[in-house]
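Each remark here refers to the structure printed beneath this line.
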Amino acid sequence: MIDYYETKSQPITRIMVLRAYRKVRANHGGPGIDGMNWEELDKNLNTYLYTLWNRLTSGSYFPQPVKEAEIDKQDGGVRKLGIPTILDRIAQQVVKTQLERIVEPLFSKSSYGYRPGRNCHQAVEQALRNTFGHDWAIDLDIKSFFDKIDHDLLMQGVRHYCKDQWVLLYTERWLKAGTMQSDGNYVDRLTGTPQGGVISPLLANIFLHVVFDKWMEKYHPEKPFVRYADDIVIHCKTEKQTQYLLSLIQKRLAECKLSTNPRKTRIVNLAGITRNKYPRSLDFLGFTLHPWWCKTGKGYRVMITTFISGKSVSKALDKFSRLRIHKWRKPIEIIAAELTPIIRGIKNYYCKFWAEHTHYLWRQLNMRLLKWVQWEKGLYKKAALRWLRNKYRQNPRLFPHWELVYP
């Protein structure tokens with residue numbers, strides 16, 4: 001009989017490993033440097049999980065190096081990810097579950113990134129609320145944050161909150177595990193926690209909880225802030241207050257072996273009065289916060305409002321352009337079925353608060369559909385537009401965005 005609650009020298013049960021497997025399995029993900037995929041693991045699941053549990057409980061588990069992968073960033077750069085093997089991700093989930101149970105209740109209410117029950121929309125809503133009575137903001141960007149985290153400082157923070165020796169043991173081993181680059185060369189990792197690991201976001205939150213959140217709450221409790229991972233917005237009342245606080249934050253980060261990105265860190269004047277020129281809007285999690293004339297019961301007044309950011313619009317339009325919809329030789333119903341998941345994803349995220357600010361994006365999509373009609377049906381523009389509008393009258397919900405902008 002299998003005892004899933006059996007333990008050895010380390011207090012890790014087999015049921016903990018099984019639950020971790022189920023959670024990691026639900027997220028799918030590709031193989032690490034060993035090439036093992038989910039199909040191969042599932043064929044001999046009991047053997048692999050038993051071996052992993054045996055090593056974890058005996059203290060003989062050592063992670064393999066992570067596989068380096070590169071993805072393009074919106075600003076044109078490249079973000080390097082570190083992909084652990086599937087078994088290493090399962091082991092990380094075991095430790096993450098234990099560590100998260102301890103530190104999650106201690107995290108700041110102003111922290112939203114990679115936390116259960118919290119999401120981007122809540123962070124954007126909080127940032128918008130913080131603008132009430134605060135005309136100035138600091139758009140803070142930490143330079144190469146995940147790559148620059150100091151291991152010794154991070155482990156000090158983990159040890160402060162967690163006394164479980166097995167958690168500390170394996171956390172330190174993951175930090176020291178090297179990287180196998182795309183050219184096949186192995187590189188030791190002296191700083192940082194690789195993006196792509198299961199436990200990396202939690203470790204990053206612990207680090208910034210100590211470095212930034214607690215520091216702000218202790219020394220500047222009157223200045224509200226919102227943090228989503230390493231994306232941070234701090235709100236202030238005056239220009240001088242903003243300049244002074246930014247200098248203190250830069251000093252604090254330097255003490256913790258971090259620095260701000262001078263190209264992306266900005267002081268933003270949302271509604272203040274000054275002779276100096278500052279940006280009048282800030283981008284946060286795909287949205288732009290900037291002043292807007294709104295009609296109220298007392299007439300028109302300037303309010304801070306959320307809009308889809310220019311970068312988000314460009315990213316969505318670039319995705320539609322790469323699909324080359326006008327060259328698809330398929331019925332419009334099949335096109336709608338293939339585009340619906342993409343449209344719904346954009347619509348559900350950016351139309352959470354209101355929808356009018358996305359109309360330009362949907363008009364551009366309608367133009368691409370119109371071009372498809374011209375190519376597919378061999379019609380001129382006016383006739384193609386009549387054909388598309390007739391489809392709209394027959395089925396107004398054929399495309400999800402037609403609920404907002406019809407052709």
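For this chain, numbers begin at 1 and follow the sequence in order.
In this structure the side chain of Ile249 never reaches within 4.5 angstrom of the side chain of Ile232, judged on heavy atoms. At a threshold of 4.5 Å between non-hydrogen side-chain atoms, the residues Gln243 and Leu246 do not count as touching.
For Arg159 and Glu172, the salt-bridge test passes: some basic side-chain N is under 4.0 Å from an acidic carboxylate O.
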Exercise. What's the verdict on side-chain contact (heavy atoms from CB on, under 4.5 Å) for Thr171 and Leu168, showing C-alpha distance, side-chain angles and the deciding distance?
Worked result: CA-CA 5 Å; Thr171 299; Leu168 302 176; 5.8 Å; no
For this session: Check the pair Trp362, Thr358 against side chain to side chain donor-acceptor pair (under 3.5 Å), reporting the backbone distance first and the verdict last.
Result: CA-CA 7 Å; Trp362 305 131; Thr358 62; 3.0 Å; yes
For this session: For side-chain contact (heavy atoms from CB on, under 4.5 Å), just list the numbers for Ile332 and Trp387, CA-CA rounded to whole Å, side-chain angles, deciding distance to a tenth of an Å, and then say yes or no.
Result: CA-CA 11 Å; Ile332 194 169; Trp387 187 93; 3.9 Å; yes
Problem set entry | Steps toward side chain to side chain donor-acceptor pair (under 3.5 Å) verdict (Ser111, Ser108) | CA-CA 5 Å; Ser111 169; Ser108 169; over 6 Å; no
For this session: Go through Tyr186 and Asp188 one step at a time and tell me if the side chain to side chain donor-acceptor pair (under 3.5 Å) criterion holds.
Result: CA-CA 7 Å; Tyr186 172 83; Asp188 284 324; 2.9 Å; yes
For this session: Quick one: do Leu203 and Leu175 satisfy side-chain contact (heavy atoms from CB on, under 4.5 Å)? Show the steps, please.
Result: CA-CA 10 Å; Leu203 296 179; Leu175 291 176; 4.2 Å; yes
Problem set entry | Stepwise side chain to side chain donor-acceptor pair (under 3.5 Å) check, Tyr21 with Asp42 | CA-CA 10 Å; Tyr21 157 78; Asp42 291 340; 2.7 Å; yes
Problem set entry | Residue pair His290, Thr305: steps toward the side-chain contact (heavy atoms from CB on, under 4.5 Å) verdict | CA-CA 6 Å; His290 70 76; Thr305 313; over 6 Å; no
For this session: Begin from the C-alpha positions of Asp213 and Arg227 and carry the test salt bridge (charged side-chain N to carboxylate O under 4.0 Å, His left out) through to its verdict.
Result: CA-CA 8 Å; Asp213 298 355; Arg227 182 175 68 79; 2.9 Å; yes
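Tyr244 OH: 12 or fewer foreign heavy atoms inside a 6.0 Å radius. A 6.0 Å sphere centred on CZ of Arg55 holds no more than 12 heavy atoms belonging to other residues, nucleotides or ligands. Annotation for Met367: atom CE does not count as buried by contact number, only 12 or fewer foreign heavy atoms lying within 6.0 Å. Around the NZ atom of Lys163, the shell of radius 6.0 Å holds more than 12 heavy atoms that belong to other residues, nucleotides or ligands. Within a 6.0 Å radius of NZ in Lys330, other residues, nucleotides and ligands contribute more than 12 heavy atoms. More than 12 heavy-atom neighbours from other residues, nucleotides or ligands sit within 6.0 angstrom of NZ on Lys377. The environment of OH in Tyr219 is sparse: at most 12 heavy-atom neighbours from other residues, nucleotides or ligands sit within 6.0 Å. Counting heavy atoms of neighbouring residues, nucleotides and ligands inside a 6.0 Å radius, atom NZ of Lys214 does not exceed 12 of them.
Here the closest heavy-atom approach between residue Ile149 and residue Leu258 is recorded as N-CD2, 4.4 Å. Nearest approach of Leu106 to His209, heavy atoms of both residues: O-CE1, 3.1 Å. Between Ile83 and Ala69, the shortest heavy-atom distance links the atoms CG1-CB, 4.3 Å. Nearest heavy-atom pair across Ala123 and Phe284 is O-CE2, 3.8 Å. Shown here for Ala127 and Val226, the closest heavy-atom pair between the two residues is N-CG2, 3.6 Å. Shown here for Leu52 and Leu87, the closest heavy-atom pair between the two residues is CD2-O, 3.7 Å.
Proximity of a side-chain donor or acceptor of Gln241 to a complementary backbone N or O of Lys237 within less than 3.5 Å is detected. Looking only at distances, no side-chain donor or acceptor of Ser259 sits under 3.5 Å from a matching main-chain atom of Leu253. Not a single donor-acceptor pair under 3.5 Å links the side chain of Thr193 to the backbone N or O of Ser200. Of the possible polar contacts, none joining the Asn185 side chain to the Gln181 backbone as a donor-acceptor pair under 3.5 Å is found. Under a 3.5 Å cut-off, the side chain of Arg189 and the backbone N or O of Trp174 do form a donor-acceptor pair. Under a 3.5 Å cut-off, the side chain of Trp166 and the backbone N or O of Pro11 do not form any donor-acceptor pair. Judged by distance alone, with hydrogens and angles left aside, the side-chain atoms of Trp38 form a donor-acceptor pair with the main-chain N or O of His28 at under 3.5 Å. At distances below 3.5 Å, at least one donor-acceptor pair connects side-chain atoms of Ser309 with backbone N or O atoms of Gly286. Although no hydrogens or angles enter the test, the distance criterion places no donor-acceptor pair under 3.5 Å between the side chain of Lys223 and the main chain of Ile234. Arg389 contributes a side-chain N or O that, together with a main-chain N or O of Pro407, makes up a donor-acceptor pair within less than 3.5 Å.
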Donor-acceptor pairs under 3.5 angstrom involving side-chain atoms of residues 397-406: please list them, not counting sequence neighbours.
residue : atom : partner : partner atom : Å
His401  : NE2  : Asn366  : OD1          : 2.7
Trp402  : NE1  : Asn366  : OD1          : 3.0
Glu403  : OE1  : Lys347  : NZ           : 3.4

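Here Lys257 contributes atom NZ and His151 contributes atom NE2; the two are 11.0 Å apart, rounded to the nearest 0.5 Å. Between atom CD1 of residue Ile138 and atom CD1 of residue Ile267 there is a gap of 6.0 Å, rounded to the nearest 0.5 Å. With rounding to the nearest 0.5 Å, the separation of OG1 in Thr179 from NZ in Lys67 is 13.0 Å. To the nearest 0.5 Å, atom CD1 of residue Ile325 and atom CD of residue Glu376 are 13.5 Å apart. Taking CZ from Arg25 and CG from Leu41, the interatomic distance works out to 8.0 Å, rounded to the nearest 0.5 Å. The structure places OG1 of Thr242 at 10.5 Å from NE2 of His235, a figure rounded to the nearest 0.5 Å.
At a cut-off of 3.5 Å, with distance as the only test, a side-chain donor of Asn130 or Gln126 sits close to an acceptor on the other residue. Defined by atom type and a distance below 3.5 Å, a donor-acceptor pair is missing between the side-chain atoms of Thr57 and Arg14. Side chain to side chain, Gln93 and Thr97 meet the donor-acceptor criterion of an N or O pair below 3.5 Å.
Relative orientation of the His357 and Phe307 rings is perpendicular, given thresholds of 30° and 60° on the angle between their planes. In this pair, Tyr350 and Phe287 present their aromatic rings tilted. The plane angle is within the 30 to 60° band. Note on ring orientation: taking the six-membered ring where Trp is involved, the planes of Tyr170 and Tyr61 are perpendicular (angle over 60°, cut-offs 30° and 60°).
Checked against a 6.0 Å centroid threshold, the rings of Phe212 and Phe225 count as neighbours.
Scanning for salt bridge (Lys or Arg N to Asp or Glu O under 4.0 Å) contacts around Asp34 gives an empty result, with sequence neighbours left out. Not counting sequence neighbours, Thr306 has no partner by the side-chain hydrogen bond (donor to acceptor under 3.5 Å, both in side chains) test.
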